[in-house]
Amino acid sequence: MPKWRLQTTIIFLVCCVVILALIVTNVLVSEKIAAYAKGIQEEKAKNIAKVVSRGPYVIEALRGQSDPSIIQEFTKDILNATEVQFIVVMDMEGIRKSHPDPEKIGMPFVGGDEKRVLQGEEYSSIAEGTLGVSFRYFSPVFDDSGQQVGAVAVGISLDEVETAIQEGRMTVFLGISLGGLIGLLGAWFLARKIRRVLFGLEPSEISKLLAERNVMLKSVREGIIAVDSNGIVTLINDEGSRLLRKAGIIESPLGRPIEELVSHSELEKVLATGTARYDQEQNLRGVALLVNTVPLLVEGNKRGAIATFRDLTEMRQMAQELSGVKLYAEALRAQSHEFMNKMHVILGMIQIGFYDKLKQYIQELTTNQQTEIGQVMSKIKDPVIAGFILGKLAHARERGITLELTGEDVLPELKSSAMTHEIVTIVGNLITNAFDAVESSEERRVQVGFSYFEEMITIEVVDTGPGMDELTLGRAFEKGFSTKGEENRGIGLYLLGKSVERLDGEVQVESVRGKGTRFTVEIPLRKNEVKK
C-alpha cells in the first residue's frame with residue numbers, strides 16, 4: 001500500500017471527521033426538524049379546531065337556533081385564510097354541516113376516527129377520508145350550558161406535513177453542505193500551513209532528520225547550545241554539557257535563561273543584533289572558549305540563536321603542537337639537506353682521489369661544527385632550544401643568509417616542556433619572519449640574542465630587511481595579515497603574540513624603513529621554572 005503524503009493524510013482525516021460530524025448532526029437535527037414541523041402543523045390544526053368549536057355561529061346552528069348553512073360560510077372563510085385541507089363541522093350523529101366539497105354536506109363523516117370526539121374527547125389522528133390520507137384534529141362543540149352539540153374536525157394533508165418536514169430538512173442539508181465545504185477548505189489550508197511549517201518534509205523524512213541530528217550532536221567535538229528568542233536554553237549536546245561542567249555548571253541548563261549561565265554571552269549579542277559572530281573568545285567561569293554564534297531565522301523571522309564552542313586551551317595546545325612540529329621539521333630538513341650536500345662533496349673527493357684535500361675538508365668541517373655547537377651550547381643550556389637553533393643555522397646557510405647568535409648571557413635550561421615549546425614557537429616564528437624579510441635585501445643578515453637577568457628572559461631578533469611602515473606595524477600581529485598578499489599566511493606573528501600572551505610576556509617592535517626591524521620579547525620566569 002503506497003504511503004500517503006502528509007498533506008493528503010491531513011485533508012483526508014479532517015474531511016472524514018467533518019463528514020462524520022455532519023452526518024450525525026444531520027440525523028439528529030433532521031429528527032428534531034421533522035418533529036418540530038409536525039408539531040407546528042398539529043398546533044395549527046388544534047388552534048383552528050378550537051376557534052371553530054367556540055364560534056357562536058357554529059354553536060347556534062348546531063342547536064338549531066340559526067340556519068345551518070351559516071356554518072359552511074363561516075368555515076369556508078377560515079379555510080381560505082388558514083390553507084388547511086378541510087374544516088368539517090358535524091352534529092352528534094356525525095352528519096357533516098360543512099365540507100370543502102359542498103356536495104358532501106349532509107353526509108356522514110368518513111374515516112371512522114370521529115367516535116371519540118362525539119363522546120367529548122379532544123385528540124388528533126391520521127386517517128383516510130374522502131380527500132385522502134390526512135392529519136386530523138378533533139375538538140368537541142359545547143353550548144353555554146356545557147352540553148355537547150357537535151364536533152369539529154380540522155384536517156391537514158400528510159403531503160403538506162411531509163413538504164414542511166422536507167423544507168426543514170433541506171435547510172439543514174444546505175447548512176451541512178456549506179459546513180462540509182468550509183471544512184474541506186479548512187482542511188486544505190491547515191494541511192498547507194502544516195506543510196509550510198515543516199518545510200515541506202514528510203513525517204518519515206522528519207524522523208530521519210531527527211535521528212541524524214541526534215547522532216550528529218553526539219558525535220561532534222564542539223559544544224552546541226541553542227536558545228529561543230527569549231534567551232531560554234532549548235538544546236545542548238554532550239560536549240557542551242561537558243564544557244559547562246568543566247566550568248562548574250553542574251545543573252542542566254535546559255529551560256534556563258542563558259544570562260544565568262554566562263554573563264554577556266555571544267548568544268545574547270546575536271539575539272540583540274541578529275548578526276552572526278565568528279571566532280569570538282568567551283570566558284566561562286575561568287574556562288576560555290572560542291565561540292561561533294549565528295542567529296536562527298525561520299522564514300526571515302528571528303526565532304533564536306545557536307552557538308558552537310570549543311575549549312580554547314585545548315585548541316591552543318593543538319596549534320602549538322602543530323606549529324612546533326612544523327618548526328622542528330623545518331630545522332631537521334635543513335640539517336639533513338646540509339649533511340647530504342657535505343656527503344656529496346666527500347664522495348666526489350673520494351672518487352677523484354683527492355685524499356689530502358678530503359682530510360683537510362673533514363678537519364675543517366669538524367672544527368666548524370664543534371665551534372658552532374660549542375658556541376650554541378655555551379649560551380643555551382636548554383637542549384631542545386639549542387638543537388632548534390642549530391637547525392636554524394643550517395637552514396640559514398641553505399638560504400644564503402647569515403644567522404648570528406649574539407649576547408653574552410646564558411639561557412638556562414627550563415623545567416617545563418610546555419614553556420620550552422612556547423619559546424621555540426616564539427623564536428622559530430621570529431627567525432622565519434626575519435628570513436623572509438631579508439630574502440631580497442643586499443645584506444642578508446639576521447641576529448638572534450638571548451639574555452637572562454633577574455628572572456627575565458629576553459629574546460631579541462634583528463634583521464636587515466626593508467623595515468615596516470606604521471600601518472604594517474599596527475597590523476603585524478593580526479591573524480591572516482601578511483605583506484606577501486598570499487593565502488595561508490599571516491599566522492606566524494599571530495601565534496607568536498598568543499604565545500607571549502600566555503607566558504605573561506611582552507613584545508616590542510622597532511622598525512626603520514630601509515634599515516631593518518628589531519623584535520624584543522621579554523618573558524618573566526620564576527626560580528622554580530629553571531633547572532639548577
| task | Please step through side chain to side chain donor-acceptor pair (under 3.5 Å) for the pair Lys392 and Thr432, ending with a clear verdict. | result | CA-CA 9 Å; Lys392 281 299 183 182; Thr432 300; 3.2 Å; yes
| field | Thr425 vs Leu496, side chain to side chain contact (heavy atoms under 4.5 Å, CB included): CA-CA, chis, key distance, verdict | value | CA-CA 7 Å; Thr425 300; Leu496 178 148; over 6 Å; no
| field | Intermediate values then yes/no, side chain to side chain contact (heavy atoms under 4.5 Å, CB included), Val410 and Lys379 | value | CA-CA 4 Å; Val410 176; Lys379 294 184 178 181; 5.7 Å; no
| task | Applying side chain to side chain contact (heavy atoms under 4.5 Å, CB included), run through Ile423 and Ile385 and close with a yes or a no. | result | CA-CA 8 Å; Ile423 292 177; Ile385 300 176; 3.8 Å; yes
| message | As a quick check of understanding, evaluate side chain to side chain contact (heavy atoms under 4.5 Å, CB included) for Arg399 and Asp436, giving each step before the final call. | response | CA-CA 10 Å; Arg399 296 181 63 171; Asp436 291 340; 3.4 Å; yes
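With contacts defined as side-chain heavy-atom distances shorter than 4.5 Å, the pair Glu281/Leu290 qualifies. The side-chain heavy atoms of Val438 and Arg445, taken from C-beta on, include no pair separated by under 4.5 Å. Between Ile426 and Leu503 there is a side-chain heavy-atom pair separated by less than 4.5 Å. Side-chain contact between Ser229 and Arg303 is absent, with no heavy-atom pair separated by less than 4.5 Å. Counting only heavy atoms from C-beta outward, the side chains of Ile258 and Glu268 approach each other to under 4.5 Å. Annotation: side chain of Leu525 is in contact with side chain of Met419 (closest heavy-atom distance under 4.5 Å). Side-chain atoms of Asp409 and Phe450, non-hydrogen and from C-beta on, never get closer than 4.5 Å to each other. Looking only at side-chain heavy atoms (C-beta outward), Val462 and Val446 stay at 4.5 Å or farther from each other.
Residues meeting the side-chain contact (heavy atoms from CB on, under 4.5 Å) test with Pro466, sequence neighbours left out: Ser441. Taking Gln447 as the reference, Glu404 meet the side chain to side chain donor-acceptor pair (under 3.5 Å) condition, with sequence neighbours excluded. Remark: Ser451 pairs with no residue by the side chain to side chain donor-acceptor pair (under 3.5 Å) rule, at least two apart or across chains. Taking Ala307 as the reference, Ile225, Leu267, Val291, Thr293 meet the side-chain contact (heavy atoms from CB on, under 4.5 Å) condition, with sequence neighbours excluded. Under the salt bridge (Lys or Arg N to Asp or Glu O under 4.0 Å) criterion, Glu454 pairs with no residue at all, not counting sequence neighbours. Asn292 pairs by the side-chain contact (heavy atoms from CB on, under 4.5 Å) definition with Tyr278, Asp279, Thr308, not counting sequence neighbours. Contacts of Arg513 classified as salt bridge (Lys or Arg N to Asp or Glu O under 4.0 Å), with partners at least two apart in sequence or in another chain: none. Under the rule for a salt bridge (Lys or Arg N to Asp or Glu O under 4.0 Å), the partners of Lys269 that lie at least two apart in sequence or sit in another chain are Glu266. Remark: Asp228 pairs with no residue by the salt bridge (Lys or Arg N to Asp or Glu O under 4.0 Å) rule, at least two apart or across chains. Checked against side chain to side chain donor-acceptor pair (under 3.5 Å), Gln508 has no partners two or more places apart in sequence or in another chain. For the side-chain contact (heavy atoms from CB on, under 4.5 Å) test, residues two or more places apart in sequence or in another chain that qualify with Asn433 are Leu493, Phe519.
Here CD of Glu239 is found 9.5 Å from CD1 of Ile224. Values are rounded to the nearest 0.5 Å. Taking CE from Met468 and CZ from Arg475, the interatomic distance works out to 13.5 Å, rounded to the nearest 0.5 Å. In this structure, Leu254 CG and Leu235 CG are separated by 7.5 Å, a value rounded to the nearest 0.5 Å. Atom OG1 of residue Thr420 and atom NZ of residue Lys415 lie 12.5 Å apart, to the nearest 0.5 angstrom. With rounding to the nearest 0.5 Å, the separation of NE2 in His421 from CZ in Phe388 is 10.0 Å. Separating the CG atom in Leu244 from the CD1 atom in Ile250 is a distance of 9.5 Å, to the nearest 0.5 Å.
More than 12 heavy-atom neighbours from other residues, nucleotides or ligands sit within 6.0 angstrom of NZ on Lys302.
Within the 3.5 Å criterion, the main-chain N or O of Gly516 finds no donor-acceptor partner in the side chain of Thr464. For the pair Asp463 (side chain) and Arg444 (backbone), a donor-acceptor distance under 3.5 Å is absent.
When every heavy atom of Ala288 is checked against every heavy atom of Asp311, the shortest pair comes out as O-OD1, 3.5 Å. When every heavy atom of Val270 is checked against every heavy atom of Ala305, the shortest pair comes out as CG1-CB, 4.1 Å. When all heavy atoms of Gly240 and Phe309 are compared, the closest pair comes out as CA-CZ, 3.8 Å. Scanning all heavy atoms of the two residues, the minimum distance from Pro524 to Gly505 falls at CD-CA, 3.9 Å. Taking each heavy atom of Phe435 and Ala396 in turn, the nearest pair found is CZ-CB, 3.6 Å. Considering all non-hydrogen atoms of both residues, Pro253 and Ile236 come closest at CG-CD1, 3.8 Å.
With 3.5 Å as the limit, one finds a donor-acceptor pair spanning the side chains of Glu422 and Ser499.
Applying the salt bridge (Lys or Arg N to Asp or Glu O under 4.0 Å) rule to pairs touching residues 249-259 yields Glu251-Arg256, Arg256-Glu260, sequence neighbours excluded.
For the side chain to side chain contact (heavy atoms under 4.5 Å, CB included) with Leu411, the lone residue among Thr458, Ile389, Ile459, Ile380 that qualifies is Ile380.
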